[in-house]
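Heads up: the structure comes next, in structure tokens.
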Amino acid sequence: MGGQKGPAAIMVGVLLILGLATAAMSSSEKVATGEKTSWPEVVGLSVEEAKKIILKDKPEADIVVLPVGTMVTMEHNPQRVRIFVDTVDDTPYAG
């Protein structure tokens, strides 16, 4: 990505991994629990702006920022939200 570098200039892509149990829930179960599991509105924002929005919806979130393409573990951690930094081609989703 060209242009200005630094946290304020970095565009973020977000892949939210909230664990296999969340991924296995149906849409109606997610609605019933009232838990937000994706944040498409943060696509294109800075990392700091994305963190603020996610923490507003999920204050207990353990947000981890990683480069796109980083290998990650797949163990269940319902508090973890991973933000992969780069540009986004698709809407972020949990699971």
Side-chain angles (χ1 to χ4, degrees):
M1 182 165 43
Q4 188 179 15
K5 301 286 185 206
I10 295 174
M11 302 303 276
V12 298
V14 182
L15 173 61
L16 306 169
I17 300 177
L18 298 177
L20 297 175
T22 302
M25 282 186 190
S26 69
S27 296
S28 60
E29 288 173 307
K30 289 176 186 173
V31 170
T33 64
E35 180 179 304
K36 187 166 182 177
T37 58
S38 68
W39 290 265
E41 67 274 20
V42 305
V43 174
L45 300 179
S46 73
V47 171
E48 292 306 314
E49 290 171 317
K51 282 182 179 181
K52 286 178 187 176
I53 291 169
I54 293 166
L55 288 170
K56 180 180 174 190
D57 293 331
K58 187 174 182 72
E60 71 282 5
D62 176 21
I63 299 175
V64 180
V65 180
L66 302 163
V68 169
T70 300
M71 291 180 61
V72 296
T73 60
M74 296 302 294
E75 81 280 356
H76 177 72
N77 182 346
Q79 304 314 319
R80 178 178 56 225
V81 177
R82 291 178 174 142
I83 299 177
F84 290 91
V85 180
D86 202 350
T87 57
V88 176
D89 293 332
D90 205 353
T91 299
Y93 64 94

Mind checking whether S38 and T91 have side chains closer than 4.5 Å, heavy atoms only?
->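 The answer is no, as the side chains (C-beta and beyond) never meet within the 4.5 Å cut-off.
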
Between [X] and [Y], does at least one N-O distance fall below 4.0 Å, as a salt bridge requires?
X   : Y   : answer
E60 : K58 : yes
E48 : K51 : yes
D57 : K36 : yes

Contact summary for [X] and [Y], nearest pair of heavy atoms:
X   : Y   : result
A61 : V81 : CB-CG2, 4.0 Å
L45 : E41 : CD1-O, 3.7 Å
F84 : T70 : CE2-O, 4.0 Å
P92 : P40 : CD-CA, 3.8 Å
V68 : V85 : CG2-O, 3.2 Å

So how far is it from L55 CG to I63 CD1, rounded to the nearest 0.5 Å?
->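 So the gap between those two atoms works out to 3.5 Å.
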
Determine, step by step, whether I83 and V42 satisfy the side chain to side chain contact (heavy atoms under 4.5 Å, CB included) criterion, reporting the C-alpha distance in whole Å, the side-chain angles of both residues, the deciding distance to 0.1 Å, and the verdict.
-> CA-CA 10 Å; I83 299 177; V42 305; over 6 Å; no

Between the main-chain N or O of V72 and the side-chain N or O of R82, is there a donor-acceptor pair closer than 3.5 Å?
->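 Answer holds: no.
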
